[in-house]
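Notes to accompany the following structure.
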Amino acid sequence: MARDGGVSCLRSSEMMRVGIGGMESQPLDLDEVHVLAVDDSLVDRIVIERLLRITSCKVTAVDSGWRALEFLGLDNEKASAELDESSSFRQVPVVIMSSENVLTRIDRCLEEGAEDFLLKPVKLADVKRLRSYLTRDVKLSNANKRKLPEDSVPVNTSLPPPPSPFTISPDSSDSSPPMTISPESSDSSPPLSPLEISSSPLSTPIDDEDDDVLTSSPAPEESPARRQKMRSPLD
Amino acid sequence: MELVQMQKSLQDYTKSLFLDNLKVEESVLGVIQKLEFMGVLDSQFLQLQQLQDESNPHFVSQVVTLFFQDSDRILNDLSLSLDQQVVDFKKVYPHVHQLKGSSSSIGAQRVKNACVVFRSFCEQQNVEGCHRCLQQVKKEYYLVKNRLETLFKLEQQIVASGGMIPAMELGF
């Protein structure tokens, strides 16, 4: 019953370089972000698409992880084999969207390489915030990443998380779910932003939430804390 | 009716959707659910309205219409699934979850909350509880559907009379 959803963003230039299908040629505009939104809910797809368009993102919305791979040209064996060695798709940030406000799951998503986590229903302010750090032209460097401190924002407050440096640990590669490409520590940051897609890696028997996914083009090195919307959940 | 009156009517009506004090009491196997003093809509609906502009003048009604189509289908599937001799909760649960998600996304607060209760009865594999929850969800759904359809009609009347939809003034 696992559902995926997600949004991934690549800069136009990167999308063209990795040969993404379905893209018309565009001038190289480094501020333009192309988002691949993945969500199995039609209503949510329409809403996230509008939210992203209104914040000046180009959007492609698909209804499953498989279609996302298809769109990216990663749906064949040859492509996925090449993926492990190539860093092309590695560093595109992934943002998870979910309706479940469970700290351990959120932490796990972040540890597995997600850049950020948005609690559904997604609001305009969430997307605007995302957008604001997506356009920063800072190269991703895995070597500088460190884990989020454990005593950060508790789950039930309604306060936004205080900005603090947040990075992804480079050594979380051993337990990657099948479809996730964990950021290995690499020698150098490639000029191209690779793509990360993460389907819902945390499904338990009942807990089959649609951990929707956002991946976005290069995240800044020093990113603000990505704990989002820790309001008291009604559910 | 004069344009100004229609606009005022719309404002009052819209406000009432958020501040409705209809009391609904439902006792499900000892658990009393009171959807009391709770609006049929919450602030997420206002979020949707923020996404509507000249370039997308019908965004809200378009999304809501999709929600209605989606929900009609889900409620139908749920009725069928729960009517089976042996209820397959593996089928029921994702439907409830989906309805919870979409109702949450458009701000249909009471539908969402009713789905939350429904979902926990699914987890408990409680058939009786699920049946009653389905009735509750349907009730809430038809209520918000009715209210939103009325809202859109009022808006259309104003636009047809050459007027503008007045901005919402709520302290959310």
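All values below come from the heavy atoms of this structure, side chains included, with hydrogens, waters and symmetry mates left out. Quantities reported herein were computed from a predicted structural model and do not represent experimental measurements. Letters A, B, ... are given to chains in the order of the sequence lines, protein chains preceding strands, and every chain is numbered from 1.
Here B/Lys153 pairs with nothing under the side-chain contact (heavy atoms from CB on, under 4.5 Å) rule; sequence neighbours left out. Partners of B/Asp77 by side-chain contact (heavy atoms from CB on, under 4.5 Å), not counting sequence neighbours, listed by chain and number: B/Arg73, B/His95.
Contact annotation for B/Ser120: neither backbone nor side-chain heavy atoms come within less than 4.5 Å of a heavy atom of chain A. Both the backbone and the side chain of A/Ile46 come within contact range of chain B, each with at least one heavy atom under 4.5 Å from a heavy atom of that chain.
The backbone N or O of B/Leu51 lies less than 3.5 Å from a partner atom in the side chain of A/Arg50, making a donor-acceptor pair. Between the B/Gln47 side chain and the A/Leu124 main chain, a donor and an acceptor come within less than 3.5 Å of each other.
Side chains of A/Lys123 and B/Gln50: a donor-acceptor N/O pair is absent below 3.5 angstrom, by distance only.
Environment of CD in B/Glu2: sparse, with no more than 12 heavy atoms of neighbouring residues, nucleotides or ligands closer than 6.0 Å.
To the nearest 0.5 Å, the span separating OG on B/Ser105 from CZ on A/Arg45 amounts to 12.0 Å. Put simply, CD on B/Gln98 and OG on A/Ser41 are 6.0 Å apart, with the number rounded to the nearest 0.5 Å. The CG atom of A/Asp44 sits 8.0 Å away from atom OG of B/Ser104, with the distance rounded to the nearest 0.5 Å.
Shown here for B/Gln44 and A/Val122, the closest heavy-atom pair between the two residues is NE2-O, 3.3 Å.
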